[in-house]
Amino acid sequence: MGELSKLPNIGKTVEAQLFQIGICTEDDLKNVGAKSAWLKIQEIDDSACINRLMALEGAIRGIKKSMLPEDVKADLKEFYRFHKK
């Protein structure tokens, strides 16, 4: 396991997907952002869901996805609805 799996919400599978899209460090993830990272993951995994998007945002913020502010959750849900395949 690498650095990313030490972040909240990031397990081995998501960490592997992040590596696959070129995100290898916490700084990489913060620089790319949850939405862009999720879009790249969606290109390699059609099952990328809203939970993964929220997990990425939580990881960037250092919190569990359930602790995201309601306005952030609403924004991510709208983004997901617009971009889901």
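Quick note: residue numbers are just sequence positions, from 1.
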Notebook entry, point to check: Does any donor atom in the side chain of Arg52 or Gln17 lie under 3.5 Å from an acceptor atom in the other side chain?
Noted result: yes
Item checked: Ion pair Lys6/Glu3, N-O distance below 4.0 Å -> no
Margin query: Nearest 0.5 angstrom please: Arg61 CZ to Lys30 NZ, how far?
Written below: 11.5 Å
Item checked: Closest non-hydrogen atom pair between Gln42 and Lys84, with its separation -> NE2-CA, 3.5 Å
Notebook entry, point to check: Roughly how far, to the nearest 0.5 Å, is SG of Cys24 from CG of Leu18?
Noted result: 9.0 Å
Next item on the list: Could you tell me which non-hydrogen atom of Met54 sits nearest to which non-hydrogen atom of Leu76, and how far apart they are?
Entry: CG-CD1, 3.9 Å
Margin query: Would the distance check show the side chain of Glu15 and the main-chain N or O of Gly2 forming a donor-acceptor pair, the cut-off being under 3.5 Å?
Written below: yes
Margin query: Would you say Ile44 ends up clustered with Tyr80 if hydrophobic residues are merged whenever their side chains have heavy atoms under 4.5 Å apart, either directly or through other cluster members?
Written below: yes
Next item on the list: Starting at NZ of Lys65, measure out to CD1 of Ile50 and round the result to the nearest 0.5 Å.
Entry: 9.5 Å
Item checked: Spacing of CD1 belonging to Ile41 relative to CG belonging to Leu53, to within rounding of 0.5 Å -> 9.5 Å
Under 3.5 Å, side-chain donor or acceptor atoms of residues 31-40 against the rest of the protein: list the pairs with distances, not counting sequence neighbours.
unit_1 : atom_1 : unit_2 : atom_2 : d
Asn31  : ND2    : Asp27  : O      : 3.2
Lys35  : NZ     : Asp75  : OD2    : 2.7
Trp38  : NE1    : Cys49  : O      : 3.2

Check: Under 3.5 Å, side chain of Asn9 to main-chain N/O of Ala55, donor-acceptor pair present?
Finding: yes
Check: Would Lys73 and Glu70 count as a side chain to side chain contact (heavy atoms under 4.5 Å, CB included) if you check the C-alpha gap in whole Å, the side-chain angles of each, and the deciding distance to 0.1 Å?
Finding: CA-CA 5 Å; Lys73 288 180 185 179; Glu70 290 303 317; 3.5 Å; yes
Margin query: Quick check: closest heavy atoms across Ala59 and Pro8, and the distance to 0.1 Å?
Written below: CB-O, 3.3 Å
Margin query: Let's go through Ile10 and Leu56 carefully: what are the C-alpha distance in whole Å and the side-chain angles of both, what is the deciding distance for side chain to side chain contact (heavy atoms under 4.5 Å, CB included) to 0.1 Å, and is it a yes or a no?
Written below: CA-CA 7 Å; Ile10 306 296; Leu56 292 168; 4.0 Å; yes
Next item on the list: Output, in order, the C-alpha distance, side-chain angles, deciding distance and verdict of side chain to side chain contact (heavy atoms under 4.5 Å, CB included) for Leu29 and Leu7.
Entry: CA-CA 11 Å; Leu29 181 56; Leu7 297 173; 4.2 Å; yes
